[in-house]
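Below you'll find the structure, written out as structure tokens, and then a few comments.
Being a predicted model, the structure only gives us computed values, none of them experimental. Throughout, a chain's letter reflects where its sequence line sits, starting with A, and its residues are numbered from 1.
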2 protein chains.
Amino acid sequence: MPTASDFQRMLREASLRVTSPRIAVLSAVHAHPHADTDSILGVVRADLGAVSHQAVYDVLRALTAAGLLRRIEPQGSVARYEARVGDNHHHVVCRSCGVIADVDCAVGLTPCLTASDDHGFTIDEAEVIYWGTCPGCTTATSL
Amino acid sequence: MPTASDFQRMLREASLRVTSPRIAVLSAVHAHPHADTDSILGVVRADLGAVSHQAVYDVLRALTAAGLLRRIEPQGSVARYEARVGDNHHHVVCRSCGVIADVDCAVGLTPCLTASDDHGFTIDEAEVIYWGTCPGCTTATSL
DNA sequence: TCATTTTCTGGAATCAATCAAGTTACTGAG
DNA sequence: CTCAGTAACTTGATTGATTCCAGAAAATGA
Ligand SMILES: [Mn+2]
Ligand SMILES: [Mn+2]
Ligand SMILES: [Zn+2]
Ligand SMILES: [Zn+2]
């Protein structure tokens, strides 16, 4: 787990000012991958005390634009954020409880798949979401 | 293009009551693949006259649940519907203008990809969205 | 120190989508 | 064909995540 000074360096390298809300958000997303904005707000407030929800929305947007965070929004879910960027990994989502797990990309580079017919598009990414049932929900259903 | 009686048959085979809003929605989605709810509402109203937006939402949900329509929602887009179901095809989306095109699946069956590590999930579908720039936006940018 | 960016406050607005209650109309049984 | 039961539709309100606003205060970095 990166330390506060690691987060400071990340922000500086991205030409972003170092502020406590930004460090707290970066830290929260590192500690809670695939968390939604509201959960992140809770973690940040537990860490820092009062922080406006607007600040967290602003920070999440700035960090995502800078490439420090990645935003994902599977169908039926609110926006979620993760700190694992740049490795083109994919996700598996439980249809029953919504839990999300990482799936390493066998290729690693984007785009990792080639379209059968690209219709003349210049494709830079292949996003893959696997849908299914997680072990917990499978067990619960079969009881 | 299927006719009104084709749509009636499709509804009956799905054990759904045959109503004019349902036929109009089915027809609109067949004629306008990947249209959003609001566009569909417009087409339906041009066809039938007054129809409540709630009716269109209800119909889209019922038809999707029955497997007659498929709902897709790429990031940054509202829900879109298409009548091409059951062939597990994929989509390519333009980051610039949002246009969506179909991409045939080389495999055809779901799930068409195997996750490198499924974390114990029972996976039933692999959803693929290719992101890039459409020919029109590529041309416009390079001018 | 100073100019600039970020955050705070605290509302208010958006907009797709859903809910609720009452009315209409489709359909299968008779 | 008729009719009742229920599914579907209408109308109007509401939700909920996210964004916008605007002025004041705080923090950053040069
Ligand atoms: Mn992930
Ligand atoms: Mn399609
Ligand atoms: Zn689950
Ligand atoms: Zn385009």
- To the nearest angstrom, the CD-P distance between A:Gln8 and D:dA27 comes to 15 Å
- Query: So does A:Arg12 get a side-chain nitrogen or oxygen closer than 4.0 Å to the phosphate oxygens (OP1/OP2) of D:dG29?
  - Reply: yes
- Looking for any heavy atom pair under 4.0 Å, which part of the strands does A:Ala79 touch: base, sugar-phosphate only, or nothing? sugar-phosphate
- Query: Counting N and O atoms only, with roles assigned by atom type, does the side chain of B:Ser96 sit under 3.5 Å from a partner on the main chain of B:Thr133, one being a donor and the other an acceptor?
  - Reply: no
- Query: Between B:Arg22 (CZ) and C:dC26 (P), how many Å, whole number?
  - Reply: 11 Å
- Task: Looking only at non-hydrogen atoms, find the nearest pair between A:Ala66 and A:Leu16 and report the distance.
- Result: CB-CD1, 3.8 Å
- Item | OP1 or OP2 of D:dT18 under 4.0 Å from side-chain N/O of A:Arg61 | no
- Task: Ignoring the backbone of B:Asp58, work out which of D:dG12, D:dC9, D:dA8 is nearest its side chain.
- Result: D:dC9
- Query: Under 4.0 Å between a side-chain N/O of A:Thr19 and OP1 or OP2 of C:dT7, yes or no?
  - Reply: yes
- Separation of B:Arg80 atom CZ from C:dA16 atom C1', in whole Å? 13 Å
- Task: Please state how far atom NE2 in A:His53 lies from atom C1' in C:dG11, giving the value in whole angstrom units.
- Result: 9 Å
- Task: Kindly indicate, with the supporting measurements, whether the criterion salt bridge (charged side-chain N to carboxylate O under 4.0 Å, His left out) is fulfilled by A:Asp87 and A:Arg70.
- Result: CA-CA 11 Å; A:Asp87 68 344; A:Arg70 177 179 170 195; 5.0 Å; no
- Task: Find the distance B:Leu48:CG to D:dA8:C1' and express it as a whole number of Å.
- Result: 14 Å
- Could you give the CG-to-C1' distance, from A:Leu63 to C:dT5, as a whole number of Å? 15 Å
- B:Arg71 side chain N/O closer than 4.0 Å to the phosphate oxygens (OP1, OP2) of C:dA17? yes
- Judged by nearest nucleotide, the residue sitting upstream toward the 5' end of DNA chain D, B:Ser52 or B:Arg17, is B:Arg17
- Task: On DNA chain C, check which nucleotide each of B:Val78 and B:Leu16 is closest to and give me the residue with the more 5' one.
- Result: B:Val78
- Nearest heavy-atom pair of B:Glu82 and B:Val85: which atoms, and what distance? O-CG1, 4.3 Å
- Task: Could you check how far CD1 of B:Ile40 sits from C1' of C:dA17, rounded to whole Å?
- Result: 14 Å
- Task: Would you mind reading off the distance between A:Leu60 atom CG and C:dT7 atom C1', rounded to a whole angstrom?
- Result: 14 Å
- Task: Using only side-chain N and O atoms of B:Tyr57, determine if any of them is under 4.0 Å from OP1 or OP2 of C:dA17.
- Result: yes
- Would you indicate which nucleotide in C:dT27, D:dT10, D:dG29 comes nearest to any side-chain atom of A:Val18? D:dG29
- Task: Remember a base hit wins even if backbone is also touched, and classify A:Thr37 as base, sugar-phosphate or nothing at under 4.0 Å, heavy atoms.
- Result: sugar-phosphate
- Item | Positive for side chain to side chain contact (heavy atoms under 4.5 Å, CB included) with A:Arg22, one of A:Val59, A:Asp58, A:Leu68 | A:Val59
